[in-house]
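Before any comments, here is the structure.
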Amino acid sequence: MTETEKSKARNSSTGLLVGFASFIIVVAGLKASASILMPLFVAGFLAIITNPLVNGLVKRGRSRPFSVGMVVICVLLSLFALGWLVGDSAEQFAAVMPEHMDRIGEQLSGWLSSQNINFHDTEFSSSLKAPLLTALTGTARGLATALSNVMLTVILLLFMLLEADTIPDKLKA
């Protein structure tokens, strides 16, 4: 192998390594900024979907701010209805969960007794309550995060829809 062939091979492997490292850095950056990028992308998607509604209201003689306000209110009502459906399902699940936990506890205690393992029912029920409380706390924290993301998304959607008609002019300038 000549010296130029060795140099080309080193440059090729170096370029591959730099490309892979760049990919890893970009993916890590996207993961780190996901809490900001996700509401931005969702707001952009909603703006693309709802902008024809805004333009239709503007063509019917409504002002752009009024049209944007009406569309954003409709989006908020839709999100509220979706949240209500999910919340209602979670409430129904929480209502039947203690019954299922008791049944699982009885079945598990019967199985453990058949394996000659003795335990106290109070220890078992208290050991089940700790993970349940942890899960409920995590759910509440997730709900608060989701609510803040929804508000950020709605604010971004509002600004995107208000500026949608001026973007082509700004790009030309």
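Nothing here was measured: the structure is a model prediction, and the numbers come from that model. We count residues from 1, following the sequence as given. Computation of the quantities below employed the complete heavy-atom set of this structure, encompassing side-chain atoms and omitting hydrogens, waters and symmetry-equivalent molecules.
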Lys59: partners by salt bridge (Lys or Arg N to Asp or Glu O under 4.0 Å), with sequence neighbours left out: none

Residues clustering with Ile49 (ILVMFWY side chains joined when closer than 4.5 Å, directly or via others): Phe45

Can I get a per-line list of side-chain donor-acceptor pairs under 3.5 Å for residues 63-77, giving both atom names and the distance, sequence neighbours left out?
{"residue": "Ser63", "atom": "OG", "partner": "Phe66", "partner atom": "N", "Å": "3.3"}
{"residue": "Arg64", "atom": "NE", "partner": "Leu161", "partner atom": "O", "Å": "3.3"}
{"residue": "Arg64", "atom": "NH1", "partner": "Asn55", "partner atom": "OD1", "Å": "3.1"}
{"residue": "Arg64", "atom": "NH2", "partner": "Asn51", "partner atom": "OD1", "Å": "3.1"}
{"residue": "Arg64", "atom": "NH2", "partner": "Leu161", "partner atom": "O", "Å": "2.9"}
{"residue": "Ser67", "atom": "OG", "partner": "Ser63", "partner atom": "O", "Å": "2.9"}

Which atom of Pro39 lies closest to which atom of Ala34, heavy atoms considered: CD-O, 4.1 Å

Non-neighbouring partners of Lys170 that pass side chain to side chain donor-acceptor pair (under 3.5 Å), sequence neighbours left out: Glu163

Leu171: hydrophobic cluster co-members (side-chain, 4.5 Å): Ile167

Show every donor-acceptor pair shorter than 3.5 Å between a side-chain atom in residues 20-32 and any protein atom, with sequence neighbours excluded, or say none if there are none.
{"residue": "Ser22", "atom": "OG", "partner": "Val18", "partner atom": "O", "Å": "2.8"}

Report all side-chain donor-acceptor pairs from residues 145-158 shorter than 3.5 Å, counting only partners two or more places apart or in another chain.
{"residue": "Thr145", "atom": "OG1", "partner": "Arg141", "partner atom": "O", "Å": "3.1"}
{"residue": "Ser148", "atom": "OG", "partner": "Thr145", "partner atom": "O", "Å": "2.8"}
{"residue": "Thr153", "atom": "OG1", "partner": "Asn149", "partner atom": "O", "Å": "2.7"}

For Trp84, the rest of its hydrophobic cluster, which grows through side-chain links under 4.5 angstrom: Leu85

Pairs involving residues 36-58, ordered by first then second residue, that meet salt bridge (charged side-chain N to carboxylate O under 4.0 Å, His left out) (sequence neighbours left out): none

